[in-house]
Amino acid sequence: MKRRLRSQDWFGASGKDGFIHRSSMKMQGLPDHVFDGRPVIGICNTWSELNPCNAGLRSLAEFVKRGIWEAGGLPLEFPVSSLGEDQMRPTAMMFRNLLAMDVEEAIRSHGIDGVVLLAGCDKTTPGQLMGAASVDLPTILISAGPALSGNFRGKTIASGTDTWKFSEEVRAGTMSTKDFVEAESAMSRSVGVCNTMGTASTMASLMEVLGVALPMNSAYPAVDARRGRLAHLTGNRIVQMVRDDLRLSKILRRASFENAIIANAALGGSTNAIVHLLAIAGRAGVPLSLDDFDLGSDVPLLVNCLPSGEYLMEEFCNAGGVPAVLNRILPLLREAATVEGRTLREIASSSQCYNDDVIRPLENPVRAKAGIRVLRGNIAPRGAIIKPSAATQSLLVHEGEAYVFSSVEDMKRKINDPDLPVTKDTVLVLQGCGPKGYPGMAEVGNMPIPSRLVKEGVRDMVRISDARMSGTAFGAVVLHVAPESSIGGPLALVKTGDRIRLDVDRGELAVLISEEEMMRRRSEWIPPQDLTPRGYAKLFKDHVMQADTGADFDFLVGASGSEVVRESH
Ligand code: FES
């Protein structure tokens with residue numbers, strides 16, 4: 001017998017409620033027969049001109065709709081807020097949880113049976129999946145796709161990664177401001193997300209690995225016709241998922257998160273994946289902790305893409321994308337369901353790689369060990385992280401004197417001071433940039449190298465903070481120190497001149513002072529003044545959790561499901 005779908009409570013109802021719901025929809029030219037009990041599919045779109053990375057989603061939604069109509073569903077597109085990483089202040093991360101609330105409530109409150117999430121720029125992917133996981137309808141995600149590779153005077157250039165390099169060159173006096181401005185046009189040749197394995201492409205790739213997006217979701221360029229075809233197929237697939245009642249809770253299991261951690265290591269994926277995977281797992285009710293990320297620490301780096309390697313997403317696409325990576329790491333993968341219908345291991349075993357330099361075989365990796373290393377010690381009792389594949393290898397075991405910046409403003413004021421008392425061995429420490437402190441845990445952890453040292457040729461130093469860093473950034477950068485300094489975490493007690501020891505192999509991060517001295521400093525510590533007395537920033541500061549648990553709001557963890565008991569009229 002045909003299952004009565006959730007949407008029928010809206011569009012199949014008799015009396016005035018059904019009249020109101022159907023009549024209102026008919027304003028858009030929909031005829032009677034589309035309310036016959038067919039799957040109603042919401043297309044949750046983060047398209048926005050304020051977020052150019054997602055600008056292609058406006059037209060991509062049309063391909064999704066074609067696929068839904070063709071498969072016998074009724075598509076209804078709706079907007080949610082869009083988060084442009086390089087456009088929002090103080091940081092897009094402060095709004096990830098707001099987007100997740102927007103998505104969750106938009107899905108639950110409407111008469112839809114399944115959802116297609118249209119995501120792109122960094123936080124739009126986790127924000128959408130977090131919200132959808134708390135409702136748990138059949139859900140599939142398609143990404144905006146990477147922008148075309150940049151090209152400056154005949155040389156391929158990468159979003160983000162080359163920005164950091166060019167700005168250092170300007171500071172070093174080896175690039176003119178005129179050339180710098182010319183390069184910014186050459187970098188952005190099309191809409192789409194950053195074309196490195198930055199946070200957006202990392203998260204788009206992990207959507208395939210988690211099993212919530214179709215194969216090749218991350219790799220087809222934003223303006224490639226194959227992305228339109230993938231969107232059409234995504235529309236086809238969601239209708240069948242509704243018929244099969246294939247909900248997110250059947251996909252997002254512990255095994256899928258373990259696969260994501262392992263694949264993230266092989267990808268050389270962004271450190272931001274940690275907070276996002278932890279937050280998504282929290283919504284899906286899957287137990288996952290920071291320590292689980294050590295699962296990836298012995299996995300070799302296979303994907304030779306910036307910022308850990310050489311190539312860009314176009315080459316990654318031509319080499320076979322995520323399915324090719326999964327094929328390479330097949331022996332490490334757990335069995336897990338996907339929205340495509342096949343298991344992840346079935347997808348992996350039927351895929352192949354077309355370029356052994358871009359996606360390396362296990363026996364010839366870019367680096368023998370990649371992944372994210374979790375660090376602990378008296379500076380970070382609840383953990384900190386580093387991405388060894390993006391760091392200067394000689395700095396992964398290092399001891400040096402701390403130079404402490406009390407805030408990002410303090411750092412910006414002093415970093416170009418020619419008399420700043422630092423050497424290449426100094427450990428730069430930045431306080432006040434955690435989830436509550438910034439607020440929003442901005443991507444400022446990859447502090448610039450002090451100007452004087454840049455001129456001497458120094459390009460990497462050990463840097464420690466409770467901030468995040470862009471997925472396109474690189475360096476010996478320790479991030480996500482928890483608990484953060486602005487709530488009195490031990491990072492707040494580190495002083496200029498303290499010796500700090502980092503040992504990535506051993507997973508250790510310590511300030512070399514006695515426990516007594518630590519306690520003395522704690523008794524003298526004064527909490528920073530709260531500069532956010534009202535509005536969403538206050539809600540954020542009052543409820544955001546620490547980085548080691550995903551920085552979701554404490555009251556959003558878990559799911560409420562799709563039931564809405566009360567009617568509107
Ligand atoms: Fe949007 Fe990089 S700034 S993906």
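Every number for a ligand or one of its atoms is a count from 1 in the order of the listing. Position 1 is the first residue of the sequence; numbering continues from there.
In the vicinity of Val193, heavy-atom distances shorter than 4.0 Å reach the ligand 1 atoms 4 (S). Remark: ligand 1 atoms within the under-4.0 Å shell around heavy atoms of Cys53 are 1 (Fe), 3 (S), 4 (S). With ligand atoms numbered from 1 in the order given, ligand 1 contributes 2 (Fe), 4 (S) to contacts under 4.0 Å with heavy atoms of Asp122. Close approach of ligand 1 to Cys121 is summarised as follows: ligand atoms under 4.0 Å from at least one heavy atom of the residue are 1 (Fe), 3 (S), 4 (S). Taking every non-hydrogen atom of Glu85 and a distance limit under 4.0 Å, the qualifying atoms of ligand 1 come out as 3 (S). Within ligand 1, the atoms closer than 4.0 Å to a non-hydrogen atom of Ala200 are 4 (S), numbered from 1 in the order shown.
Between the side chains of Ser149 and Asn195, no donor-acceptor pair is found at a separation under 3.5 Å. No donor-acceptor contact under 3.5 angstrom links the side chains of Asn151 and Arg189, judged on distance only. Residues Ser486 and Glu484 bring a donor and an acceptor atom of their side chains to less than 3.5 Å of each other.
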| Please walk me through it: do Ile385 and Leu290 pass side chain to side chain contact (heavy atoms under 4.5 Å, CB included)? | CA-CA 9 Å; Ile385 56 113; Leu290 191 58; 4.0 Å; yes
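At a cut-off of 2.8 Å, Cys194 is counted among the residues with an N, O or S atom near atom 2 (Fe) of ligand 1.
Below 30°, between 30° and 60°, or above 60°: for Phe553 and Phe540 the angle between ring planes is above 60°, a perpendicular geometry. Taking the six-membered ring where tryptophan is involved, the planes of Phe78 and His110 are essentially parallel, since the angle between them stays under 30° and well short of 60°.
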